[in-house]
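Remarks on the structure that follows.
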Amino acid sequence: DFSGYSDIAIGTAKLFGFELRTNFNFPFFSRDIGEFWRRWHISLSEWFKDYLYMPILIRFRSWGMWAVLVDTFLCYSIIGFWHGANYTFILFGIFHSFLFFPLIILRKKPFQNTFLDSGHFFTSVKDIFRAIKTFFYFSISLVFFRSETVIDSINYLFLMVTKLSWPDANRSGVVFILIIIIFELSFKLKKIGPREPLKYKNKYVRRIIYVIISYFIFSHFKLIDLSQFIYFQF
């Protein structure tokens, strides 16, 4: 939903002659949390970097590593608070700051490019597991983000472990096929460009893609409860 809102804003601005930058760049293929935040909500993360993180770091650079740790903790706590005056949002930000700590302490430079940039998915088994691990951590953080209270988030995490169950087999099969399609489109996007994913020379291929996407959009509207998107409040 969030990425879709950004695309709507980018497309609407383009109608009036304004070229806005990409706000999401395949964040779920990131191999660590540093790379993730360079690709997730880019406009927000870079604003905080330029106007909060870097000024604080420069001011307290004499503290060395402690300056980086405290600065990271402070900035991501504020990013969480920016979403709303609720302890759950603050915990969301704090959780992400903790994910940065191993990179800072071990002095590891975050990855600059996802392994998708090479145009091939199976570049390295290690990279694939790193991406899965990063996505898992981010999914855990969303429990805090979505919960109404801290107690609710803790209870939900507890149930995730104690009430583990397998999803419906038929539905899982459909989801798996959709994931494969998304992977393939992701590779095409990297070759063609993020703003023109359907710019295929073959007009028949383009029309088939239009039909498939339209089908999924309209069938999706029939299956879901058309409630308000969670990011509408932001």
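In this structure, V211 shares a hydrophobic cluster with no other residue, the cluster being traced through Ile, Leu, Val, Met, Phe, Trp and Tyr side chains under 4.5 angstrom apart. Other residues sharing the hydrophobic cluster of F16, ordered by chain and number and joined by side-chain separations under 4.5 Å: L15, F18.
T162 pairs by the side-chain contact (heavy atoms from CB on, under 4.5 Å) definition with F158, L159, not counting sequence neighbours. Evaluation of the ring pair (Phe, Tyr, Trp, His ring centres under 6.0 Å) rule for W66 yields no partner, not counting sequence neighbours. Taking the side-chain contact (heavy atoms from CB on, under 4.5 Å) definition, one finds that I8 meets it with T12, sequence neighbours left out. Applying the side-chain contact (heavy atoms from CB on, under 4.5 Å) rule to V70 yields no partners; only residues at least two apart in sequence or on another chain are considered. Evaluation of the ring pair (Phe, Tyr, Trp, His ring centres under 6.0 Å) rule for Y51 yields W47 as partners, not counting sequence neighbours. Shown here are the ring pair (Phe, Tyr, Trp, His ring centres under 6.0 Å) partners of F135, two or more places apart in sequence or in another chain: F28. A search for ring pair (Phe, Tyr, Trp, His ring centres under 6.0 Å) contacts involving F48 returns nothing, not counting sequence neighbours. Residues that satisfy the side-chain contact (heavy atoms from CB on, under 4.5 Å) test with D152, not counting sequence neighbours, are S147, E148, T149.
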Please evaluate residues E46 and R21 with respect to the criterion salt bridge (Lys or Arg N to Asp or Glu O under 4.0 Å), reporting the C-alpha separation (whole Å), side-chain torsions for both, the decisive distance (0.1 Å), and the verdict. CA-CA 12 Å; E46 290 200 352; R21 62 174 302 169; 2.8 Å; yes

Using the rule given for ring pair (Phe, Tyr, Trp, His ring centres under 6.0 Å), can you reason through F98 versus F101, listing the C-alpha separation, both sets of side-chain angles and the distance that settles it, and then say yes or no? CA-CA 5 Å; F98 286 166; F101 286 176; 5.4 Å; yes

Between E35 and T134, is the side-chain contact (heavy atoms from CB on, under 4.5 Å) condition met? List the steps. CA-CA 10 Å; E35 183 182 11; T134 303; over 6 Å; no

Give the intermediate values and the outcome of side-chain contact (heavy atoms from CB on, under 4.5 Å) for residues D32 and R130. CA-CA 7 Å; D32 59 39; R130 283 171 174 164; over 6 Å; no

Given the rule in the side-chain contact (heavy atoms from CB on, under 4.5 Å) test, do L157 and F144 qualify, once you have shown the distances and angles that lead to the verdict? CA-CA 9 Å; L157 290 171; F144 298 105; 3.8 Å; yes

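Smallest separation of non-hydrogen atoms from F36 and S30: CA-OG, 3.3 Å. Residues L20 and A13 share a closest heavy-atom pair of CD1-CB, 3.6 Å. Listed here is the closest heavy atom pair of I42 and F24: CD1-N, 4.2 Å. In terms of heavy atoms, W82 sits closest to H41 at CH2-NE2, 4.2 Å. Closest approach of S45 and W40 over heavy atoms only: OG-O, 3.8 Å.
Under the 4.5 Å side-chain contact rule for hydrophobic residues, L103 and F136 share a cluster.
Atom CZ of F138 is separated from atom CD1 of I33 by 8.0 Å, given to the nearest 0.5 angstrom. From F145, atom CZ reaches atom NE2 of H83 across 4.5 Å, with rounding to the nearest 0.5 Å. The structure places CZ of F2 at 6.0 Å from CG of N23, a figure rounded to the nearest 0.5 Å. Rounded to the nearest 0.5 angstrom, L91 CG and I154 CD1 are separated by 8.0 Å. Note: T22 OG1 to D7 CG = 8.5 Å, rounded to the nearest 0.5 Å. Note that CE of M65 and CD1 of I105 are 6.5 Å apart. Values are rounded to the nearest 0.5 Å.
Residues F95 and I140 form a side-chain contact, since some pair of their non-hydrogen atoms from C-beta on lies under 4.5 Å apart.
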Please report, to 0.1 Å, the donor-acceptor pairs under 3.5 Å made by any side chain of residues 71-78, with sequence neighbours excluded.
unit_1, atom_1, unit_2, atom_2, d
D71, OD2, L57, N, 3.4
T72, OG1, V68, O, 2.7
S77, OG, F73, O, 2.6

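Note on residues 87-104: pairs passing side-chain hydrogen bond (donor to acceptor under 3.5 Å, both in side chains), not counting sequence neighbours, are W37-H96, N86-T88, H96-S141.
For F129, the CZ atom is loosely surrounded, since the number of other residues' heavy atoms within 6.0 Å does not exceed 12. Counting heavy-atom neighbours within 6.0 Å of Y156 OH, excluding the residue itself, gives a total of 12 or less.
In this structure, the side chain of R61 engages the main chain of I58 through a donor-acceptor pair within 3.5 Å.
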